[in-house]
Structure formats: structure tokens, C-alpha cells
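Below, read A as the first sequence line, B as the second, and so on, with proteins coming before strands; counting in each chain starts at 1. Note that the structure is a prediction, hence the values are computed from the model and not measured. Atom set for the values below is all heavy atoms of this structure, side chains included, hydrogens, waters and symmetry mates excluded.
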There are 2 protein chains.
Amino acid sequence: MRARIEDVAAAAGVSMKTVSRVFNREPNVREETRLRVEEAARQLRYRPNSSARSLAGRRSYLISLLYDNPSSNYIMEIIEGVLAACEQAHYGLTLRPVDFGRRGHVESVEGLVNQYRPDGLVLTPPLTDDLPLLRRLRELDVRYAGISAKRNNARIGATLDERAAVADMMAHVVALGHRRIAHITGHRSHGARAWRLAGYLDGLNQAGIEPDPALVIEGEFSFESGIAGARRLLDLDDPPTAIFGANDDTACGVIYEAAARGLAVPDQLSVFGFDDTPMSRQVWPSLSTIRQPSRDMGRIAARQLLDEISGHGAGGIVRLPYQLQIRHSTGPVPQRR
Amino acid sequence: MRARIEDVAAAAGVSMKTVSRVFNREPNVREETRLRVEEAARQLRYRPNSSARSLAGRRSYLISLLYDNPSSNYIMEIIEGVLAACEQAHYGLTLRPVDFGRRGHVESVEGLVNQYRPDGLVLTPPLTDDLPLLRRLRELDVRYAGISAKRNNARIGATLDERAAVADMMAHVVALGHRRIAHITGHRSHGARAWRLAGYLDGLNQAGIEPDPALVIEGEFSFESGIAGARRLLDLDDPPTAIFGANDDTACGVIYEAAARGLAVPDQLSVFGFDDTPMSRQVWPSLSTIRQPSRDMGRIAARQLLDEISGHGAGGIVRLPYQLQIRHSTGPVPQRR
DNA sequence: CTGTTAGCGCCTTCAA
DNA sequence: TTGAAGGCGCTAACAG
């Protein structure tokens with residue numbers, strides 16, 4: 001049978017409470033006593049029972065990751081990072097896919113909170129900016145860290161300066177001679193849509209290029225919206241020479257449509273995206289894009305959360321560095337004939 | 001405050017135990033009583049506290065998914081399925097990335113088992129066929145369900161007839177006139193490698209084509225091994241007219257290399273893969289491949305496991321149907337000149 | 001078919 | 001610095 005705290009206490013000749021103090025790193029234990037308890041625990045191979053701990057201590061030693069699966073890769077990287085942080089803190093992780101935009105999604109999260117009582121949540125986009133959800137979490141007094149949250153939607157978490165990243169990439173494309181640069185936007189419910197659009201406009205502005213509304217097409221962060229957007233853009237009388245897809249899926253849709261039309265990328269059309277998904281390396285031509293350190297963002301957001309839970313936290317939003325990945329889908333602007 | 005089982009019992013005018021029966025799907029509850037309890041629970045937004053449940057029930061109400069992340073998409077689909085099954089059974093899920101092949105990975109799983117005491121494990125390839133791991137799990141008396149396990153490596157779980165699937169796809173390609181069909185294999189540690197290779201050989205055999213050893217290249221289920229394999233194959237004096245990549249990543253590597261050489265797919269070379277990842281739809285030309293119902297496999301494997309845990313289980317390995325996805329990367333064999 | 005009683009193993013509170 | 005008693009919310013075992 002497994003040893004219980006009682007057994008350890010008996011073996012060490014102290015009370016249960018003293019063993020509990022040792023295991024929870026509470027003060028007020030004499031060094032000598034501590035050592036005796038630790039030795040007894042080792043001998044008995046004692047492991048605290050986490051259910052009992054949670055039940056009595058009103059903490060679950062569990063955090064939950066909420067996501068709306070925009071992209072498997074992204075989520076898996078976030079998960080990896082969050083797991084790494086959890087491991088260090090001896091915390092467990094539960095997952096909660098949330099169908100953002102479906103009626104009752106807030107209640108679904110409430111169910112999770114009621115059942116597992118996670119000590120905190122990590123929110124990924126677009127849930128980070130889901131106002132009804134955030135309001136309810138505050139009412140329920142559930143703390144959370146946000147990944148890529150808009151201003152004021154999270155007190156702690158991790159983010160990236162997407163706007164500056166896009167502006168940087170725009171400068172690269174402008175340097176290649178492009179002036180008619182189009183953008184297929186992200187979905188309206190995502191905070192990233194606004195940042196990336198703003199970066200696009202910043203880039204034009206810095207290059208002294210007048211924005212052309214015909215070159216901004218509504219998209220939704222999907223491959224299909226990339227195809228549809230590319231069709232409209234390439235059918236224009238004066239089509240763009242470069243297209244910025246709001247994420248890699250969108251950009252791949254553009255490449256697909258270009259290939260379908262026999263348009264050579266990058267010789268006749270430059271394309272770039274955002275996210276640096278594995279696919280961006282595996283399409284032909286490989287995609288120029290912006291690398292987002294998702295794994296680190298997950299790890300840091302989780303750490304901020306765990307620190308706050310344990311009271312160690314200075315808190316705050318940590319801004320991580322991005323990185324341009326210039327590959328083969330961007331090239332010099334084609335010569336006019 | 002949150003409702004407890006006591007509150008629900010009071011509201012429904014029954015005892016705590018009856019509420020417990022309803023929530024645990026135990027028999028011996030009159031239908032009318034069950035409905036009354038369910039209604040009361042809904043009104044009070046009652047959710048059983050999982051810590052208390054585990055403590056009293058001497059079960060963790062938790063299963064763990066072990067994976068070695070061959071592909072994010074695959075794992076995320078499996079996770080979705082497993083979560084769906086868990087939800088129904090009011091079970092929680094913990095994840096465990098395992099670095100298969102790294103020393104100490106078995107101990108890492110033991111750590112998981114000791115700490116969380118999951119009531120069972122779901123194993124994904126290649127861990128399903130990791131003999132040292134399986135042996136240890138049996139020693140520890142931890143039950144598990146396997147996904148795509150080789151014969152005898154799991155008693156319960158879900159699988160797919162990969163061999164027949166590949167043979168089917170081969171028949172499709174043969175019908176297009178191809179006779180020099182190459183295969184870039186999967187990694188040796190994966191059971192899928194053998195099945196897919198066998199299906200390839202079956203396909204040749206059924207078409208009366210003598211296998212050519214030069215047309216079978218060692219790969220490892222990666223994009224890079226697809227590129228490397230394609231290079232060797234396309235440099236042959238008598239190159240193949242069709243290449244089967246052991247998975248979609250490999251096949252995409254082949255397409256990439258073909259594009260880099262200016263070889264038109266499918267006009268000059270046909271390519272097909274296995275898995276039906278999202279990428280297979282998003283490359284140009286879109287990839288002919290075999291669809292694997294990963295989500296269902298996760299759901300069913302988890303359900304088999306949960307049934308066994310609760311004693312409801314007839315058990316066994318459920319074989320799921322595959323589906324050919326013929327897209328644009330396979331076409332008639334090029335005319336000889 | 002339904003209810004009662006006694007813990008599950010730990011932490012909290014309060015006393016020493 | 002240490003300990004004793006009570007209870008966290010639920011289920012098992014047994015009783016009706």
C-alpha cells in the first residue's frame with residue numbers, strides 16, 4: 001500500500017501537521033525536524049495524494065489552457081511551453097477546446113471551472129479578447145494569463161509586437177521595389193487582425209506609399225480566404241506585385257491561386273505571411289514570413305500565471321521578440337514592359 | 001457558493017447517494033428520479049468536484065495521452081477525440097509528451113503514473129509499439145489502449161487497415177498507367193512503416209509488377225526525407241513515374257523537389273501520400289492521399305479504455321475505415337517519347 | 001430501487 | 001516551533 005502522511009509522521013516521530021509543513025515549504029519547522037521528516041518520507045517513498053491535497057487545501061494544483069484551435073501547430077507549441085512551465089511548478093494541465101462564437105461557450109468554461117477548479121487559466125487568441133468570457137471570469141474571480149491579448153484584456157501573459165513585425169517585413173518588400181502591395185486581412189474577431197493591418201499601413205506610410213483601399217481584402221486567417229482574396233486582387237486592372245496574407249494559411253492560399261494561374265512566385269508575384277508554420281517551409285516556393293515564438297509565449301504566460309498563483313508574481317505582460325524569415329516567396333518587383 | 005451534491009439531493013428530495021448514482025450512470029435509479037435529479041443539478045449548475053470524487057473513489061478519474069509528436073495535426077485530432085470521450089465519461093485528460101528513443105523515457109512515464117495515478121493511458125504511435133514501455137506498464141499494472149498498434153501490442157484500442165489502404169491507392173495509380181512506382185518509406189521505429197511498405201508491395205504484386213529494389217528508399221516520415229528520397233529517385237537512369245511518400249510530409253518533400261527541378265506534377269510525375277493532413281489540400285498541386293480518421297481513432301480508443309476502466313467493456317481493437325482522397329498530384333503516366 | 005454511515009488523505013484553525 | 005480536532009465533497013459498503 002502507498003504511504004500516507006500519517007505513516008511518515010509516525011516514522012519521523014512528529015505530527016501530521018509537521019510533515020505537511022515540510023512538504024509545503026512552510027516556515028516554523030526546525031531544521032533537524034525537517035531532515036528527519038524528509039528522510040522518513042524517502043524511506044517510505046511517500047508521495048502526497050493530490051486529490052486529498054486539493055480537496056482539503058481548496059487548490060487544484062491544476063491550470064487550464066483554453067483554445068479555439070485556429071491552427072494545430074500553434075496550439076501544440078503553446079501546449080509544449082505551458083507543460084514545461086507546469087512541470088517546474090509541479091502543476092498539472094487540463095485542456096479546454098472552446099467553440100468561440102457558439103452560443104453557450106462561456107457556460108462551457110464555467111463548467112470547467114466548477115468541475116476542475118483550476119487555479120488559473122491560460123487564454124489563447126481569439127479567446128484572449130473575448131469580452132463576455134473575460135467579464136465572466138472576473139465575476140467568478142478566476143485569474144488568467146493572456147497570450148497575445150489586446151491592451152487591458154489581460155494583466156499578465158505574453159505577447160509580440162505584431163504591428164512592428166509586419167512593418168519590418170513591409171520595409172523588406174519595399175526595398176525589393178514593390179509599391180503595389182496588397183493585404184488580405186485576418187478575421188474581425190481576432191486582435192491580430194488589427195495589429196497586422198496597422199503594421200501594413202505603417203509600412204506603406206513609412207515608404208511614402210498612399211494606401212489603396214482596393215488592395216485591402218477582407219479575409220479570415222484561412223487558406224480559402226487566401227485563394228478568394230488572391231482571385232480578387234489578381235483580377236484587378238492594376239494588380240498588386242506583392243501580397244501580404246494575414247497568416248501563413250492565407251499566404252499559402254495566395255501561392256496556390258498564383259500557381260493555378262501559372263503566375264510565377266516570386267518572379268511575377270511576391271507573397272508573404274505571418275506565423276512561420278511548418279507548412280511555410282514545405283510549400284514551393286517556401287514562404288517568407290514572421291516567426292512567432294509560440295512555445296516561449298506559452299511557457300512565459302504559464303509562468304506568469306503560476307507565479308501569481310503562488311504569490312511570487314510581479315506580473316505583467318512580457319513582450320517577446322519576433323524574427324523575419326525571408327525565404328523564396330519574396331523577390332524583386334517584376335520589370336514593367 | 002458552488003452547489004454540492006448535498007444541495008442537489010435536497011433540491012431533488014433524494015439522498016446524496018442517489019445523486020451520485022445518477023452522475024455515475026449506475027443502475028438502480030428509477031427513470032423519474034433520474035430526471036428529477038438531473039433537473040435539480042441543471043438548476044443549481046452542479047458539477048461534481050473531481051478532487052473529492054477521486055479521493056473517495058480511489059480513482060483519479062483521469063486518463064493520460066502519451067505522444068511523441070510526429071505531427072501536430074495528428075496529435076491535435078487525437079486529442080479532440082480523446083477529449084470527446086472523456087467528456088462523456090466525466091473524465092479528465094492529462095498530456096504527456098514522451099521523447100521516444102531518448103534514454104529514460106520509460107522512467108518519465110513512470111513518474112507520470114506515480115504522480116497523477118491516471119486510471120489508464122492512451123498510446124499513440126510510435127509509443128504503441130515501444131516494447132520496453134509496454135512491458136513496464138504491464139509490470140506496473142497500468143492499463144492502456146493503443147492507437148494503430150501492431151498485433152498483440154495492445155488488447156484494446158483503434159486501428160486502420162493501412163496495408164489495404166495503400167494497396168487500394170496503388171491500384172488507382174496503376175490504373176493510370178504507372179508501372180515504375182517508387183516508395184519512400186517511413187521510419188523504422190514506426191509500425192506504420194511496415195504496413196505501408198507491405199501495401200506498396202501488395203499493390204505491385206496485384207498488378208503483376210516486379211518490385212525494383214532501387215525504387216524503395218529509406219525515409220523517416222519527414223519532409224526532408226521526401227526531398228532527399230526524391231533526389232535519389234529522380235536522378236536514376238530510369239526514374240519512376242510515380243512516387244508514394246510514406247506520409248504527407250514525405251510526399252510534400254517530393255513535390256517540393258519536383259518543383260525545384262521544374263518537373264510538372266502530375267504531368268511528368270505523380271505523387272501520393274498518407275494521412276490527409278491539412279497541408280495536403282494546401283500545396284500545389286493538391287496531394288492525393290489516404291484519409292485516416294484520427295479524431296475517431298482517438299475517441300474510440302479512449303472509449304475502449306474508459307469502458308474497460310468502468311468494467312463495461314467487451315474490449316478489443318476497433319478497425320476503422322480509411323478513405324482515398326484523389327486530388328491533383330496523381331495523373332496519367334507521361335507518354336514515352 | 002433508495003438511504004445511512006463511515007471514511008478517503010490532507011489542510012485549516014486554533015490551542016499549547 | 002509543534003500538535004489535535006474537524007471538515008473539504010464525495011463514494012463504498014451495507015442496510016432497508
Side-chain angles (χ1 to χ4, degrees), chain A residues 1-38 40-41 44-62 90 92 113-117 119 309-310, chain B residues 1-38 40-41 44-62 89-92 114-117 119 309-311:
Chain A
M1 236 7 246
R2 220 155 55 117
R4 293 160 308 164
I5 197 170
E6 197 181 328
D7 307 322
V8 179
V14 296
S15 74
M16 280 165 53
K17 179 63 209 177
T18 299
V19 179
S20 168
R21 286 200 178 90
V22 170
F23 268 78
N24 293 302
R25 306 212 162 88
E26 282 173 36
N28 296 338
V29 180
R30 216 188 316 155
E31 188 57 21
E32 185 213 311
T33 316
R34 174 184 305 279
L35 291 175
R36 223 169 53 236
V37 169
E38 279 168 352
L44 295 169
R45 296 179 157 206
Y46 169 70
R47 293 292 205 116
N49 175 317
S50 43
S51 307
R53 235 154 86 96
S54 310
L55 182 59
R58 282 97 172 277
R59 289 220 254 163
S60 60
Y61 297 92
L62 213 60
H90 298 285
V113 168
N114 270 327
Q115 183 168 4
Y116 293 104
R117 318 274 155 119
D119 295 337
I309 289 170
S310 66
Chain B
M1 234 18 239
R2 281 155 184 149
R4 293 160 308 165
I5 196 171
E6 199 182 326
D7 306 323
V8 179
V14 297
S15 73
M16 277 164 57
K17 181 62 205 176
T18 299
V19 178
S20 169
R21 285 200 178 89
V22 170
F23 268 78
N24 293 300
R25 306 216 160 89
E26 283 172 35
N28 296 337
V29 180
R30 213 192 317 157
E31 188 55 23
E32 185 214 313
T33 315
R34 173 183 306 278
L35 291 175
R36 222 168 55 236
V37 169
E38 279 167 352
L44 295 169
R45 298 180 160 206
Y46 169 71
R47 291 296 194 126
N49 175 317
S50 35
S51 306
R53 237 154 82 94
S54 312
L55 182 59
R58 284 101 167 272
R59 300 209 248 160
S60 62
Y61 294 93
L62 213 60
H90 298 286
Y91 255 72
N114 267 324
Q115 184 169 1
Y116 293 104
R117 311 266 146 167
D119 295 336
I309 289 170
S310 66

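Atom P of nucleotide D/dC10 and atom CG of A/Asn49 are separated by 17 Å, given to the nearest angstrom. A/Ile5 has its CD1 atom 11 Å from the P atom of C/dT12, to the nearest Å. Atom-to-atom, CG of B/Asn24 to P of D/dG9 comes out at 17 Å; the value is rounded to the nearest Å. The distance from atom CZ of B/Arg4 to atom C1' of D/dG9 is 8 Å, rounded to the nearest whole Å. Put simply, CZ on A/Arg36 is 15 Å from P on D/dT1, counting in whole angstrom units. Counting to the nearest Å, the C1' atom of D/dC10 and the NE2 atom of B/His90 are 15 Å from each other. As rounded to whole Å, 15 Å separates atom P of D/dG9 from atom CD of A/Gln115. Rounded to whole angstrom, the span from the CD atom of B/Glu6 across to the C1' atom of C/dT5 amounts to 14 Å.
For the pair B/Ala40 and B/Ala12, the tightest heavy-atom approach, listed with the atom from each and the gap, is CB-CB, 4.0 Å.
Out of C/dC10, C/dC1, D/dC8, the shortest distance to the side chain of B/Asn28 is found at C/dC1. Comparing D/dT2, D/dC10, C/dC10 by their closest approach to the side chain of A/Thr18 singles out D/dT2. Out of C/dT4, D/dG9, C/dT13, the shortest distance to the side chain of B/Ser15 is found at C/dT4. Picking from C/dT12, D/dT11, D/dA12 the nucleotide with the shortest atom distance to the side chain of B/Arg53 gives D/dT11. Each of D/dT2, D/dG9, D/dG3 was ranked by its minimum atom distance to the side chain of B/Ala56; first place goes to D/dG9. Closest to the side chain of A/Lys17, from the set C/dG3, D/dA4, D/dC10, is D/dA4. For B/Glu26, taking side-chain heavy atoms from C-beta onward, the closest of the listed nucleotides D/dA12, C/dT2, C/dG3 is D/dA12. In the set D/dT2, C/dC8, C/dT2, the nucleotide with an atom closest to the side chain of B/Arg58 is C/dC8.
Using a 4.0 Å heavy-atom criterion, one finds that A/Thr33 contacts the sugar-phosphate atoms exclusively. Contact annotation for A/Pro48: backbone-only contact, meaning every heavy-atom pair under 4.0 Å involves sugar-phosphate atoms and none involves a base. Across all strands shown, A/Ser54 has no heavy atoms under 4.0 Å from either base or sugar-phosphate atoms. Within the 4.0 angstrom heavy-atom criterion, only backbone atoms of the sugar-phosphate kind lie near A/Tyr46; the bases stay farther away.
If B/Val19 and A/Met16 are placed on DNA chain D by their nearest nucleotide, the residue sitting closer to the 5' end is A/Met16. Closest-nucleotide positions on DNA chain C for B/Arg34 and A/Phe23 were compared, and the one nearer the 5' end corresponds to B/Arg34. Taking for each of B/Ala52 and B/Val29 the nucleotide of DNA chain C with the nearest heavy atom, the 5'-most of the two is the partner of B/Val29.
In this model, a donor atom of one side chain and an acceptor atom of the other lie less than 3.5 Å apart for B/Arg53 and B/Asn24.
For the atom pair CD1 of A/Ile309 and CG of A/Leu62, the computed distance is 9.5 Å after rounding to the nearest 0.5 Å.
Using a 30° and 60° split on the angle between ring planes, B/Phe23 and B/His90 fall in the tilted class, from 30° to 60°. Ring planes of B/Tyr91 and B/Tyr61: tilted class, angle from 30 to 60°.
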Residues B/Glu38, B/Leu35; criterion side chain to side chain contact (heavy atoms under 4.5 Å, CB included); working and verdict: CA-CA 5 Å; B/Glu38 279 167 352; B/Leu35 291 175; 3.9 Å; yes
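For D/dG9, the base has no donor-acceptor partner in the side chain of A/Arg117 [N/O atoms by modelled type, under 3.5 angstrom]. The base of D/dG3 sits within donor-acceptor range of the side chain of A/Arg21, with an N or O pair under 3.5 Å.
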